[in-house]
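Here's the structure we're looking at; comments come further down.
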Amino acid sequence: MAHILAPSQQWQMRITKNSTNASPMTSKMWNSLPLKQNKKTKAKTSAKFRVFALHSENSTINRMEDLLNMDITPYTDKIIAEYIWIGGSGIDLRSKSRTISKPVEHPSELPKWNYDGSSTGQAPGEDSEVILYPQAIFKDPFRGGNNILVICDTYTPAGEPIPTNKRHRAAEIFSNQKVIDEIPWYGIEQEYTLLQSNVKWPLGWPVGGYPGPQGPYYCGAGADKSFGRDISDAHYKACLYAGINISGTNGEVMPGQWEFQVGPSVGIEAGDHIWCARYILERITEQAGVVLSLDPKPIEGDWNGAGCHTNYSTKSMREEGGFEVIKKAILNLSLRHKEHISAYGEGNERRLTGKHETASINTFSWGVANRGCSVRVGRDTEKQGKGYLEDRRPASNMDPYVVTALLAETTLLWEPTLEAEALAAQKLALNV
């Protein structure tokens with residue numbers, strides 16, 4: 001991200017009762033995607049009531065669209081809540097729907113729920129019940145009205161967080177008074193790759209072949225340079241509708257690869273917003289018939305990988321003299337490099353090679369305006385003597401709860417020995 005602005009006021013995941021003003025992302029909108037080659041047109045009729053024959057493909061699709069686009073708000077106070085959670089791989093998203101008796105404003109108004117953890121790799125068959133705790137709510141861009149998306153975390157029936165519940169530990173760190181006082185801001189740059197569904201090859205690439213070399217694709221325009229823009233734009237608007245603090249999007253260096261940015265977000269909100277944005281993107285690519293990949297190096301060779309650069313600042317970093325605080329944070333990060341790398345995403349060793357705008361996975365480095373470093377500091381931050389740092393190590397498949405909490409823990413709660421600090425400062429040429 002180019003800079004860190006003021007965070008949103010949506011620190012607590014709240015939602016207004018009246019959310020019917022904006023239009024939801026309906027199925028008709030997905031039909032505008034160029035990937036859908038079978039767009040149907042509605043049959044014209046002068047009859048007051050149209051009759052839809054089930055054997056007619058056009059009529060059946062029209063009837064289905066009418067039901068999908070139906071606004072139930074005038075007919076019932078009930079809403080549909082889509083409960084979303086992270087599955088057993090730690091990166092897959094699952095969801096299911098339930099009826100709620102009336103619109104809600106806060107996740108505390110929602111009931112807990114359960115699911116079969118043996119079917120998601122999160123519990124044994126003989127004791128398979130996993131409990132969903134609602135934690136954050138967003139407006140549903142697919143159903144519209146007062147319907148909502150609900151980000152949940154996962155617990156045993158006894159109330160213990162299950163191993164894949166990384167939100168619980170992050171919430172503990174963000175509830176520490178030292179962290180609260182520093183008001184940590186995060187701006188997360190989520191890169192992703194769009195794949196052709198039938199061959200799992202990047203969108204816009206010739207099947208079994210390669211496009212021209214990298215260069216014209218980053219932020220490019222044109223049918224020979226930009227592949228999947230409608231998906232990116234649809235996702236952008238859906239996130240804004242949902243109340244996600246999305247701040248931008250752009251085409252990436254490798255063709256068929258895109259990025260969106262979320263933030264600045266405060267504390268645990270950063271993880272909630274990224275996971276909900278990922279869920280919305282999964283749903284949009286599902287309807288477009290395209291596969292979403294968060295693999296950090298989807299194509300081997302002279303092609304950029306996919307990361308999730310995390311911009312980070314604290315109150316002390318943003319105030320006068322903040323550059324010294326940033327340098328102290330970089331020092332701490334260097335001393336816990338291995339711990340961070342182990343938590344920054346699977347397959348990251350294929351991406352962090354020292355090439356394609358990355359640093360080597362084995363060596364910590366920092367620099368001003370240097371995208372080949374582990375941690376980058378912007379020119380404006382150096383000039384103004386305050387600002388933020390960018391951790392460029394996280395992979396595209398990282399867990400934002402883990403990464404954001406670890407950054408806060410290492411820079412605000414963890415203290416190295418004086419000897420280790422002095423040696424690291426000398427190695428990094430940091431005068432702290």
Side-chain angles (χ1 to χ4, degrees), residues 10-15 19 77-143 145-175 238-239 242-244 262 265 267-283 286 294 397-405:
Q10 193 182 11
W11 289 15
Q12 304 295 326
M13 300 295 96
R14 302 187 65 85
I15 187 169
S19 59
D77 290 332
K78 296 178 179 180
I79 65 167
I80 302 171
E82 190 75 19
Y83 279 46
I84 303 164
W85 70 95
I86 301 163
S89 72
I91 190 66
D92 61 311
L93 284 162
R94 311 292 181 113
S95 73
K96 60 177 184 173
S97 311
R98 70 177 296 167
T99 302
I100 305 297
S101 60
K102 61 180 181 178
V104 299
E105 293 185 359
H106 194 271
S108 62
E109 301 175 60
L110 292 167
K112 296 174 184 176
W113 206 6
N114 65 76
Y115 67 93
D116 172 16
S118 68
S119 296
T120 61
Q122 293 171 294
E126 63 272 15
D127 187 16
S128 63
E129 193 168 281
V130 179
I131 312 301
L132 293 168
Y133 286 34
Q135 298 292 359
I137 57 178
F138 299 87
K139 292 186 289 184
D140 187 338
F142 304 100
R143 294 186 174 113
N146 291 319
N147 303 303
I148 55 175
L149 304 177
V150 185
I151 296 295
C152 304
D153 60 355
T154 45
Y155 297 80
T156 67
E160 296 295 323
I162 67 173
T164 51
N165 180 357
K166 307 303 183 184
R167 190 187 192 279
H168 181 265
R169 173 58 181 158
E172 288 181 339
I173 291 173
F174 287 121
S175 64
C239 285
I244 291 169
V262 169
S265 304
I268 197 72
E269 176 188 293
D272 291 336
H273 282 230
I274 281 288
W275 276 116
C276 191
R278 285 176 175 178
Y279 176 80
I280 291 172
L281 185 56
E282 287 276 17
R283 289 282 303 274
E286 169 192 324
L294 296 182
N397 58 6
M398 63 83 151
D399 187 326
Y401 294 134
V402 173
V403 170
T404 56

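With sequence neighbours left out, the side chain to side chain donor-acceptor pair (under 3.5 Å) criterion links S89 to D92. By the side-chain contact (heavy atoms from CB on, under 4.5 Å) test, D127 pairs with P124, sequence neighbours left out. Annotation: side chain to side chain donor-acceptor pair (under 3.5 Å) contacts of E286 (sequence neighbours excluded): none. Contacts of R167 classified as salt bridge (charged side-chain N to carboxylate O under 4.0 Å, His left out), with partners at least two apart in sequence or in another chain: D272. Under the side-chain contact (heavy atoms from CB on, under 4.5 Å) criterion, D116 pairs with S118, S119, S128, not counting sequence neighbours. Partners of R169 under the salt bridge (charged side-chain N to carboxylate O under 4.0 Å, His left out) rule, at least two apart in sequence or in another chain, are E172, E409. A search for side-chain contact (heavy atoms from CB on, under 4.5 Å) contacts involving S175 returns nothing, not counting sequence neighbours. Taking the side chain to side chain donor-acceptor pair (under 3.5 Å) definition, one finds that S108 meets it with H106, sequence neighbours left out. Residues passing the side chain to side chain donor-acceptor pair (under 3.5 Å) test with Y155, sequence neighbours excluded: D153. For I80, the side-chain contact (heavy atoms from CB on, under 4.5 Å) criterion is met by S97, R143, N147, not counting sequence neighbours.
Within the 3.5 Å criterion, the main-chain N or O of E269 finds no donor-acceptor partner in the side chain of S265.
Between I137 atom CD1 and Y83 atom OH the span is 10.0 Å, to the nearest 0.5 Å. Note that the CD1 atom of I91 and the CD1 atom of I86 stand 8.0 Å from one another [nearest 0.5 Å]. To the nearest 0.5 Å, atom CD1 of residue I84 and atom CG of residue L149 are 4.5 Å apart. Taking CZ of R94 as the reference point, atom OH of Y115 lies at 8.5 Å (rounded to 0.5 Å). For the atom pair CD1 of I148 and CD1 of I79, the computed distance is 4.0 Å after rounding to the nearest 0.5 Å.
Side-chain N/O atoms of Q122 and T164 include a donor and acceptor closer than 3.5 Å.
In this structure, G243 and H273 approach most closely via the heavy-atom pair O-CE1, 3.7 Å.
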